[in-house]
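Sequence lines set the chain letters: A, B, ... in the order given, protein chains first and strands last, and positions in each chain run from 1.
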There are 2 protein chains.
Amino acid sequence: MKTILETDQDFICNIDAPCFQMLTSEEVELIRAGKTQVFFRKGDNLSKQGAFASYVLFVITGLAKQYIEGDSSKSLNLRIIKPGEFVGLSAVFTKNIFNYSSVAITDCQVYLIEKESIASIVQQNGMFGFNIIKRYCEQNVNLFDTLRNMTYKQMNGRIADTLLYLDSHKNQIPEIFQLLSRKDIADFAGISTESAVKLLKSFEKDNLIELHEKDIHLINYNTLNEISRKG
Amino acid sequence: MKTILETDQDFICNIDAPCFQMLTSEEVELIRAGKTQVFFRKGDNLSKQGAFASYVLFVITGLAKQYIEGDSSKSLNLRIIKPGEFVGLSAVFTKNIFNYSSVAITDCQVYLIEKESIASIVQQNGMFGFNIIKRYCEQNVNLFDTLRNMTYKQMNGRIADTLLYLDSHKNQIPEIFQLLSRKDIADFAGISTESAVKLLKSFEKDNLIELHEKDIHLINYNTLNEISRKG
DNA sequence: ACATAAAAATGTTCTATATCAATAAATAAG
DNA sequence: CTTATTTATTGATATAGAACATTTTTATGT
């Protein structure tokens with residue numbers, strides 16, 4: 001599954017991710033000592049819900065999607081993971097268990113960083129800790145949002161939501177929709193694949209979106225936002 | 001609504017909440033300088049989803065429930081807030097807006113702490129930051145759990161879950177069930193009040209629980225756990 | 001290029017759970 | 001103590017959305 005491409009040499013040095021800038025050289029050294037670079041091929045799991053986690057993942061290049069799993073083949077997609085983001089941070093601070101699964105939707109270069117390195121730097125470098133908390137906070141805000149969507153909105157609103165969310169990545173990732181199947185989109189909206197397909201068609205009929213093979217163009221943002229709000 | 005009972009005198013000193021033990025005396029002073037003690041009466045809102053938040057709440061005594069709101073009269077209860085817990089921590093690190101509402105279910109003594117105090121202490125005291133992150137993490141884990149429950153479980157599992165969750169507080173709060181209405185319980189399970197009532201009755205008939213006026217005794221923990229797991 | 005598998009598309013049926021309606025019990029108010 | 005107002009309870013009805021079944025399209029491997 002995972003293929004180790006290159007071992008830890010001069011990598012951490014040229015990490016220009018903002019969150020590593022605030023580290024002292026000893027701290028950088030600590031991270032460097034406890035990290036491995038791993039290459040994940042499209043479709044490989046970066047994390048698996050419930051699995052033991054002794055490291056934190058930091059995405060250098062590539063895209064992944066984060067999701068929670070139910071029984072059998074059901075899953076709910078939570079977000080697109082982009083370069084510069086962590087996966088499995090919780091492992092550092094609570095039970096060493098991944099709260100969620102994540103899977104590469106393109107090939108990914110990822111650092112595995114020993115959780116002890118992160119933990120000790122957080123304790124000695126307040127600014128770094130502050131940054132980590134901020135990331136948590138954002139994740140938290142998103143979780144509250146998702147929970148509200150799942151609890152209070154119905155299909156139309158959820159699909160509109162999903163389209164707007166994914167579309168917001170088009171600047172950075174023009175091919176975002178091509179990377180996702182209808183099932184993926186359905187799983188972002190938390191509805192069945194069939195329902196997703198039907199809703200997309202109906203949105204197309206109402207001139208809210210255009211379907212070009214796998215790509216989706218949003219046309220009427222106002223109405224989509226309205227639908228998303230109204231639920 | 002809020003009644004200020006006593007002003008900030010020698011209160012912070014005798015806070016024996018573990019998370020304040022690790023502060024230096026200057027840091028304690030900083031917190032003390034920027035805090036107010038407030039008394040919330042049963043039914044008062046400690047936080048209101050969407051409202052501007054310039055402070056963090058720290059519960060000294062009393063109980064509250066945290067919930068997210070939908071339109072009109074709908075809400076989803078997330079947890080019971082107990083002494084020693086923060087409300088609205090996110091305000092410190094992201095938009096100054098409460099992610100969720102919370103309401104006192106008994107009279108509560110609460111500190112309002114200026115978010116700047118918390119922010120600056122986090123940045124200078126790594127251990128304190130670490131502790132805050134841990135709290136975040138736990139909230140995170142709970143949110144993932146709730147999301148999984150809401151997405152994958154159905155009524156029976158959700159009510160069983162709720163009963164087990166509330167029952168787990170009975171040691172500390174023997175009167176926990178008396179403090180909650182059927183609607184409250186339903187809102188913890190994320191189902192309609194009518195459904196909650198019917199399910200409770202059916203659980204009683206199956207000898208899983210006993211209903212004594214408002215109080216609920218769990219009898220068959222094994223089966224309840226089973227139902228909670230199976231969804 | 002062909003065969004086989006996977007994904008997308010649609011119409012039909014089925015089900016979990018909300019909503020509605022109406023009564024009974026329990027609090028609160030006067 | 002009596003009346004008014006929530007809260008709890010119960011059965012009947014309605015519905016959003018899943019599951020199913022089938023066809024069409026697209027992707028994948030040999």
Side-chain angles (χ1 to χ4, degrees), chain A residues 41-43 65 70-77 103 105-106 149-163 175 177-205 209-216 227 230-231, chain B residues 41-43 70-77 103 105 149-163 175 177-205 209-216 227 230-231:
Chain A
R41 196 149 269 125
K42 184 177 174 167
K65 66 169 196 244
D71 278 350
S72 66
S73 63
K74 294 194 178 172
S75 44
L76 176 70
N77 291 337
V103 67
I105 58 174
T106 69
N149 289 341
M150 292 296 291
T151 309
Y152 298 121
K153 288 186 187 173
Q154 53 197 59
M155 291 208 299
N156 289 276
R158 303 232 287 263
I159 272 280
D161 237 45
T162 298
L163 291 172
E175 73 280 18
F177 283 110
Q178 280 94 339
L179 295 172
L180 301 170
S181 68
R182 294 295 139 122
K183 171 160 173 36
D184 283 323
I185 292 174
D187 286 349
F188 266 107
I191 64 179
S192 74
T193 309
E194 293 93 325
S195 295
V197 170
K198 287 168 195 171
L199 284 171
L200 288 176
K201 291 279 160 186
S202 112
F203 278 17
E204 185 182 41
K205 224 181 66 190
I209 60 173
E210 274 175 8
L211 304 170
H212 297 118
E213 294 102 59
K214 293 195 84 176
D215 197 18
I216 299 177
I227 294 173
K230 290 269 179 83
Chain B
R41 197 149 268 125
K42 182 175 175 169
D71 279 348
S72 64
S73 63
K74 294 194 180 172
S75 44
L76 177 70
N77 291 336
V103 68
I105 58 173
N149 288 342
M150 291 296 290
T151 311
Y152 298 121
K153 288 186 187 172
Q154 52 196 61
M155 290 209 299
N156 289 276
R158 304 232 287 264
I159 271 279
D161 237 43
T162 298
L163 291 173
E175 72 281 18
F177 284 110
Q178 279 95 341
L179 294 172
L180 301 170
S181 68
R182 294 295 139 118
K183 170 159 172 38
D184 283 323
I185 293 174
D187 286 349
F188 267 106
I191 64 180
S192 73
T193 308
E194 292 94 325
S195 294
V197 170
K198 288 169 194 171
L199 284 171
L200 288 176
K201 291 279 162 185
S202 111
F203 279 16
E204 184 182 41
K205 224 181 66 189
I209 61 174
E210 273 174 10
L211 303 171
H212 296 117
E213 294 103 60
K214 293 195 83 176
D215 197 19
I216 300 178
I227 293 172
K230 290 268 178 80

Rounded distance in Å - CZ (A:F177) to P (D:dT26): 19 Å
Nucleotide C:dA6, atom C1' - distance to CG of A:D184 in whole Å: 13 Å
Length of the line joining B:R158:CZ and C:dA18:C1', which is rounded to integer Å: 12 Å
Test applied, side-chain contact (heavy atoms from CB on, under 4.5 Å); reference residue, B:I185; option that passes from B:I216, B:V197, B:L199: B:I216
Main-chain N/O of A:G190 paired with A:R158 side-chain donor or acceptor, under 3.5 Å: yes
For nucleotides 7-11 of chain C, print each protein N/O atom paired with a nucleotide N/O atom at under 3.5 Å, atom names and distance only.
| unit_1 | atom_1 | unit_2 | atom_2 | d |
| --- | --- | --- | --- | --- |
| C:dA8 | OP1 | A:R182 | N | 3.2 |
| C:dA8 | OP2 | A:R182 | N | 3.0 |
| C:dA9 | OP2 | A:R182 | NH1 | 2.9 |
| C:dG11 | O6 | A:K198 | NZ | 3.3 |

Nucleotide D:dA16, atom P - distance to CE of A:M150 in whole Å: 17 Å
Integer-rounded Å distance: D:dT9 C1' and B:E204 CD: 12 Å
For atom CG of B:L199 and atom P of D:dG11, their distance in whole Å: 14 Å
From A:T193 atom OG1 to A:K183 atom NZ, the distance as rounded to the nearest 0.5 Å: 5.5 Å
Min side-chain heavy-atom separation A:D184-A:F177 under 4.5 Å: no
Between D:dT7 (P) and B:D187 (CG): distance, integer Å: 12 Å
Option among B:S192, B:S75, B:S181 that satisfies the side-chain contact (heavy atoms from CB on, under 4.5 Å) test with B:D187: B:S75
Protein-nucleotide distance (B:H212, atom NE2; C:dA26, atom C1'), rounded to Å: 18 Å
More than 12 heavy atoms of other groups within 6.0 Å of A:K214 NZ: yes
